[in-house]
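Every chain is numbered from 1, with letters handed out A, B, ... down the list of sequences.
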Amino acid sequence: MTLRLTNTLTRAKADFVPLHEGMVSIYCCGVTVYDLCHLGHARSYIVWDVLRRYLIWLGYQVTFVQNYTDIDDKILARAAAEGSSMEAVSERNIEAFVTDMTALNILPADRMPRATRSLDAIRTLISDLEARGAAYSVDGDVYFAVLKHRGYGKLSGRDLAEQQDNASGRVASAEEGRKHHPFDFALWKGAKAGEPSFPSPWGPGRPGWHIECSAMVREVLGDTIDIHLGGADLIFPHHENEIAQSEAATGKELARWWLHNGMVNVGGEKMSKSLGNFTTIRALLELGVSPMTLRLFVLQAHYRKPLDFTAAALEAAATGWKGLNAALGVGRTYAHLLPWSESTAGDLAALPDDLAASKGRFIAAMDDDLNTAAAMGELFELARPLRALANRLQRRDIPGAADLAQGGRWRLLIELAGVLGLEPEQPRLPSLQGFRGDQATSGEPPTKAKPAASLVRNPTDVQSTTPVGFTLEGSPGEDIRALIERRKAAKAVRDFATADRIRDELRSQGIELIDRPGGSTEWLRR
RNA sequence: GGCGGCAUGGCCAAGUGGUAAGGCAGAGGAUUGCAAAUCCUUUACCCCCAGUUCGAAUCUGGGUGCCGCCUCCA
């Protein structure tokens, strides 16, 4: 079995073979840090995180580099608008980026260069391009001459001769007079009054957008890397220009593989800052959408296809994750009944046939251009018997020999889910609390070991913690525990009308009661 | 106008020549005083037309609809 990936450069799927055996170098285009990241960024970085995790799992030594663009017009505009500095805006958003990525369980890159700290490499690269006649300067600006570089357009499938100039009718006119060709782009921008600038042989200024990536790749990873990643919206002009710059300067291929992820759509339209239809990662998490739900949502679609973001789809993902999470948690939730080791050491080598087949299908799916949707299907298949087992244990059945033998399945599920970065999640405390009405009835697990559950039906309905102080039938301030006791008493004398009224009242307050076999009652807050 | 992509059950989404994964929702069942939660079971001939083939959702041609890029964008 071999990993096959779709290379934008060739528009075909092909066996992935790294430059150096057993080692993979990856560069992933990062964010321009002028604002918070939204779901579109989340998708991109979740998908590439999975690629990275999978390669590592396969045994490759992966070097993953991702940049921060911390010099940019938008950052300057933002700084001006809020009366702060480019550095302040960048720092704040880099911090936010780290927080969000960490929450989503995205592995930090091995190196995270910043444009402002890569200026030497940038200036060197521009000088090299100038020396090779691929760049020209005009009054403090330096431009790349696309006509001087054979092969310009090879990534995006554009033919310079056939391109209609100004096709979009929106090319800035001020710059046009200085450029030799409309597609020529700035390598270095001369500083305008009041802008932060950096010294250079062409005068004070700052680097253009594209050059930083070329410079960072060269500086950190070398002239040619295995894989270059980014969103499909970066194919042109960003990646096309990166290729032109790098290859004109080094005479070598920049990246052997170019992978691009599809966009996140909202109502059929691309989610983007400019359209204003974006939802930040932060906002989603604050609404109570769990990070793993987000990962599952993203990974249930193929990475190259557009992904439509709707409340219904997210809700479906949340419910799906709840089930998968329950299966991932059985070994811990029922640790007192299932003496399973969590260690997978030595376990995955000799799998029984059905599990080996399962693992094989997972790998086959991932090998096929990271078909995470199919891989996820395999995860759910693996989970099914574990969920059934959990159901039986919840009913206080005693696990039989066949049940105890499911430990291998559980460990395999955890292992494979981990490849997708899906890790068992504890229920979020604000939305789930409970207690046992009848602790003495049997040797059941302590409260904290309750089966995982989260009633996140609709993200917008999720409530944060609120002090409990319910009123019912003229009993001010009675708390849930007392109400449950009263209901229990009513049930004992078969006064179901009262019992149901208490339950309905609590439900209307957002508290869901769950009667368990044995007469205990738990409650959940939604 | 140029380049690229997509159309699969109520919704989301795999499948790229051999007779439709998975998730959500719905229905039935187990369980329950009734519920809830959980578990079990269960629901499709794949946008249209014409071709190739023993056989196509899967290949070819045509049509229709939708989206992305060509400006900053993951």
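Residue whose closest nucleotide on RNA chain B sits further toward the 5' end, between A/R304 and A/G268: A/R304. With the nearest nucleotide of RNA chain B identified for both A/S156 and A/F380, A/S156 has the one nearer the 5' end.
Residue A/A316 has its side chain nearest to B/G23 when only B/U38, B/C72, B/G23 are considered.
Across every strand in view, B/U42 sits in a pair with B/G26 that passes the Watson-Crick or G-U test at under 3.5 angstrom. Shown here, B/G17 forms no base pair; nothing in the strands shown gives a Watson-Crick or G-U wobble contact with both key distances under 3.5 Å. Pair assignment for B/C72: none, as no Watson-Crick or G-U wobble contacts are both less than 3.5 Å. Summarising the base pairing, B/G33 is matched to no nucleotide, lacking a Watson-Crick or G-U wobble pair whose two defining distances lie under 3.5 Å. For B/U64, the paired base is B/A7 (Watson-Crick or G-U wobble, both distances below 3.5 Å).
B/G33 atom P lies 16 Å from atom CG of A/D495, rounded to whole Å. What separates CG of A/L386 from P of B/U38 is a distance of 16 Å, to the nearest Å. If you take CG of A/L506 and P of B/C34, they are 21 Å apart, rounded to a whole angstrom. In this structure, A/N241 atom CG and B/C69 atom P are separated by 16 Å, rounded to whole Å.
At the heavy-atom level, A/F297 lies nowhere under 4.0 Å from the strands shown. If you check every strand for non-hydrogen atoms under 4.0 Å, A/V47 touches nothing. Residue A/I235 is classed as having no contact, given no heavy-atom separation below 4.0 Å to the nucleic acid. If you check every strand for non-hydrogen atoms under 4.0 Å, A/G40 touches a base. A/R11 comes within 4.0 angstrom of sugar-phosphate atoms only, judged by non-hydrogen atoms across all strands, and of no base. As judged by a 4.0 angstrom heavy-atom cut-off over every strand, A/G262 is placed among the base-contacting residues. The residue A/R387 sits close only to the backbone: its heavy atoms come under 4.0 Å of sugar-phosphate atoms, none of a base. Residue A/D500 is classed as a base contact, given a heavy-atom separation below 4.0 Å to a base. Nucleic acid contact for A/E381: sugar-phosphate only, since backbone atoms but no base atoms lie under 4.0 Å from a heavy atom of the residue.
Within a 6.0 Å sphere centred on CZ of A/R4, other residues, nucleotides and ligands contribute more than 12 heavy atoms.
Here A/D49 pairs with A/R53 in a salt bridge; the nearest charged N to carboxylate O distance falls below 4.0 Å.
Between B/C39 and B/G23, the distance separating the two P atoms is 11 Å to the nearest Å. The separation of B/A25 from B/C11, taken at their C1' atoms, amounts to 7 Å, rounded to a whole angstrom. Between B/A37 and B/A74, the two C1' atoms lie 39 Å apart (nearest whole Å). Between the C1' atoms of B/A14 and B/A20, the separation comes to 10 Å (whole Å).
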*Between A/H239 and A/H210, is a ring pair (Phe, Tyr, Trp, His ring centres under 6.0 Å) present by the stated rule, with each step listed?*
CA-CA 8 Å; A/H239 289 165; A/H210 316 295; 9.4 Å; no
Got a list of protein N/O to nucleotides 14-19 of chain B N/O distances below 3.5 Å?
residue	atom	partner	partner atom	Å
B/A14	OP1	A/H302	N	2.6
B/A14	OP2	A/K305	NZ	3.4
B/A14	O3'	A/N371	ND2	2.7
B/A14	O2'	A/N371	ND2	3.3
B/G15	OP1	A/N371	ND2	3.0

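Partner of A/R206 under the salt bridge (Lys or Arg N to Asp or Glu O under 4.0 Å) criterion, out of A/D73, A/D70, A/D72: A/D73 alone.
Ring centroid separation for the pair A/F144 and A/Y152 does not come in under the 6.0 Å cut-off.
Look at A/F496 and the base of B/G33; the rings stack, centres closer than 5.5 Å and planes less than 30° apart.
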